[in-house]
Amino acid sequence: MSKERITGAEALMRSLEHQGVKTMFGYPGGSIMPVFDALYDHRDRLQHILVRHEQGATHAAQGYARASGKVGVCLVTSGPGATNTVTGIADAMIDSTPIVVIAGQVGTAFLGSDAFQEVDLVGITQPISKWSYQIRRAEDVPWAVARAFYIASSGRPGPVVLDFAKNAQVETLDYEPVSLDFIRSYVSVPDTDKMSVIRAAELINKAQRPLVLVGQGVELGNAQEELQAFIEKAQMPAGCTLLGLSALPTDHALNMGMLGMHGNLAPNVKTNECDLLIAVGMRFDDRVTGTLATYARQAKVIHFDIDAAEINKNVHADVAVMGDCKATLRAVTELLIPATHKEWIESFAPYREEENRKVIEPEIHPTAGPLNMGEVVRAVSEAAHHEAVLVTDVGQNQMMSARYFKYSRNRSIITSGGLGTMGFGLPAAVGATFAVPDRTVCVFMGDGGLQMNLQELGTIMEQKAPVKMILLNNNFLGNVRQWQAMFFNRKYSFTPMTNPDYLKIAEAYEIPARRVTDRAELKEAIEEMLTTDGPFFLEACVIEEGNVLPMTPPGGSVDVMLLEC
């Protein structure tokens, strides 16, 4: 049977459909115009969401990927359109988010000539992507797309960039769809050494004070059930990284809370008291470990991971269990001897009680004064029955919402972890609404981060995306202000914010909005937000100089946390 001859642009559309793509986020321009022309005839099968800025497209694709577990896709033009995606690509790389960025490029005849809107996107993105490739011939489109999706989604996920020369978009090829599940020299999932499984089980069975560190790898590997079976069989307490928070339900008896600089007191202190540290799908980020010189020096370390580059990178592993954690956790669990560790688990209680008394209760149940950030977050979580998807921007709003939101379902936190990208929250929330339309998506933002991608309110308006937006407005760049207060003698250098009237902005975008300053109105306002069809903008005017506590000071030991300042 003869193959159909079509353009490279049309081949891209068909290849995306062949990969199961239903939704993409993008912005048209000159060098990608043939692709958008082809897309016009695929609108019934490929939903394209027009964002208002290319950075917004990448973050929306990230939100889509993180909420759905599928590959997020964005489509942009060359030059500034392409370079505007760089922040999102870097963010996706460090947070292991599978996205494919397809950017237009000038024709191959003009490459290297400083043509209009020409930029070396491959050169720019190679260090911050899993794979970056320039498509110069139409005949390479099906192969390149298949390879891109396989690399982005397999093993440790991450971003892939396809730089699509304009001549390849308009030239023709004999189209045949390509499927791919193997690339020579690319080992997406390393083989698991059986001896490492045995040695890991032996260490766990001998341990008196084990502590499990739960990372996002559990979510990426869909190993949530395997994780629970693992910790329950040996009754091992666990702490979660920021990106791993929803891998284990908040109310699970063995969940001791969040790890890291603004995590919970008990798991951080116990990190330096345990005799066995078991890391599952996490990379020992510096915000989790504090200074490495004092980090868990007394403990043996087991590290479950799919990426060999993470083993011994920051923390030496006595046993490295390589492979897909869904399989490796199951294999180790089979060899575990049931245990209780009753005294060890009970030893967490005094630290949890101290933090609850000194930090948590005053934050979520204040008796007077302005609204607290944590108070607003907990109220939203409770009103949504702890089943919503939490999206955050970056800063105090991020740490407060991560700490005081509760999680009962998997894939329920979407935030910029490793890169800490302000402006991430709003477009990521848009992407999440398209990924899980049956779930409530709540995004918490500060007044600084919101204004970095404020234009995406236009996307929300056009799509009527049901994003529930909560602005924690303290009229400061709050996280930097907190550091200035604690470590720079309260010299608030360029952190106070002069803000616009956000309700008028929301009105201009035809988005229902409400401002809350009085505690007595908070519950009613949240109820209005959650019961309103479509988007809603809730501005909560919170205490201006509130602090996120506990806190491990920068460069400090993980077990030395400030409970007041």
Side-chain angles (χ1 to χ4, degrees), residues 3 8 11-21 24 58 61-62 64-66 68-75 85 88-90 92-103 105 120-165 168 173-193 216-217 219-223 281 283 304-311 313 320-328:
K3 301 173 186 176
L12 175 63
M13 296 298 102
R14 297 192 190 185
S15 296
L16 291 174
E17 290 176 3
H18 184 65
Q19 294 296 327
V21 175
M24 66 180 79
T58 55
Q62 287 178 272
Y64 181 92
R66 296 266 284 275
S68 68
K70 302 176 182 178
V71 177
V73 181
C74 53
L75 187 63
T85 68
I89 294 167
M93 185 66 176
I94 200 165
D95 282 352
S96 304
T97 306
I99 64 172
V100 172
V101 176
I102 303 165
Q105 181 56 281
D120 182 5
L121 185 62
V122 171
I124 291 170
T125 59
Q126 275 184 336
I128 55 171
S129 63
K130 284 189 74 176
W131 186 53
S132 187
Y133 180 76
Q134 188 172 78
I135 304 174
R136 299 186 176 194
R137 306 182 305 171
E139 62 194 73
D140 293 335
V141 171
W143 168 87
V145 171
R147 189 180 178 98
F149 276 77
Y150 176 63
I151 292 174
S153 61
S154 60
R156 180 179 180 174
V160 168
V161 176
L162 293 179
D163 192 37
F164 199 0
L173 72 154
D174 293 325
Y175 177 73
E176 184 175 5
V178 174
S179 298
L180 190 65
D181 60 6
F182 171 79
I183 297 174
R184 187 175 62 181
S185 79
Y186 169 56
V187 180
S188 60
V189 181
D191 293 332
T192 302
D193 178 12
Q216 188 194 197
E219 295 269 53
L220 296 174
N222 297 311
R283 58 186 180 83
F304 289 79
D305 215 291
I306 201 169
D307 185 359
E310 293 300 336
I311 304 300
K313 186 179 77 175
V321 184
M322 301 301 301
D324 184 335
C325 64
K326 190 174 183 70
T328 56

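- A heavy-atom distance below 4.5 Å is not found between the side chains of Asp307 and Ser96.
- Side chain of Asp95 to main chain of Thr97: no donor-acceptor pair is present (N/O by atom type, distance under 3.5 Å, no hydrogens or angles).
- Between the side chain of Lys326 and the main chain of Asn222, a donor-acceptor pair closer than 3.5 Å is present.
- Using a 4.0 Å cut-off between charged side-chain N and carboxylate O, Arg14 and Glu17 make no salt bridge.
- Scanning both residues, Ile89 and Ile128, for their nearest heavy atoms gives CG2-O, 3.3 Å.
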Self-check item: CA sep, side-chain torsions, deciding dist, call: Val73, Ile102, side-chain contact (heavy atoms from CB on, under 4.5 Å)
Solution: CA-CA 8 Å; Val73 181; Ile102 303 165; 4.2 Å; yes

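- The closest side-chain heavy-atom distance from Asp193 to Met322 is not below 4.5 Å.
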Quiz item: Can Trp143 and Tyr133 be said to form a ring pair (Phe, Tyr, Trp, His ring centres under 6.0 Å), step by step?
Solution: CA-CA 11 Å; Trp143 168 87; Tyr133 180 76; 5.3 Å; yes

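- No side-chain heavy atom of Val71 sits less than 4.5 Å from a side-chain heavy atom of Val160.
- Here the OG-CZ distance, from Ser188 to Phe182, works out to 9.5 Å after rounding to the nearest 0.5 Å.
- Two residues are said to be in side-chain contact when any heavy atoms from C-beta on lie closer than 4.5 Å; Arg147 and Ile151 meet this criterion.
- Atom CD1 of residue Ile94 and atom CZ of residue Arg283 lie 4.5 Å apart, to the nearest 0.5 angstrom.
- A 4.5 Å side-chain heavy-atom check between Leu12 and Val145 finds at least one atom pair inside the cut-off.
- Contact annotation: the side chain of Tyr186 approaches that of Lys130 to within less than 4.5 Å [non-hydrogen atoms, C-beta and beyond].
- Val161 places none of its side-chain heavy atoms less than 4.5 Å from the side chain of Val122.
- Every residue two or more places apart in sequence or in another chain was checked for a ring-ring contact (aromatic ring centres under 6.0 Å, His included) with Tyr175, and none qualifies.
- Of the charged side-chain nitrogens involved, at least one lies within less than 4.0 Å of a carboxylate oxygen, so that Glu176 and Lys3 count as a salt-bridged pair.
- For the atom pair Ile99 CD1 and Arg66 CZ, the distance stands at 11.0 Å (nearest 0.5 Å).
- Gln134 CD to Asp163 CG: the interatomic distance, rounded to the nearest 0.5 Å, is 4.5 Å.
- Between the side chains of Thr125 and Ser132, a donor-acceptor pair is found at a separation under 3.5 Å.
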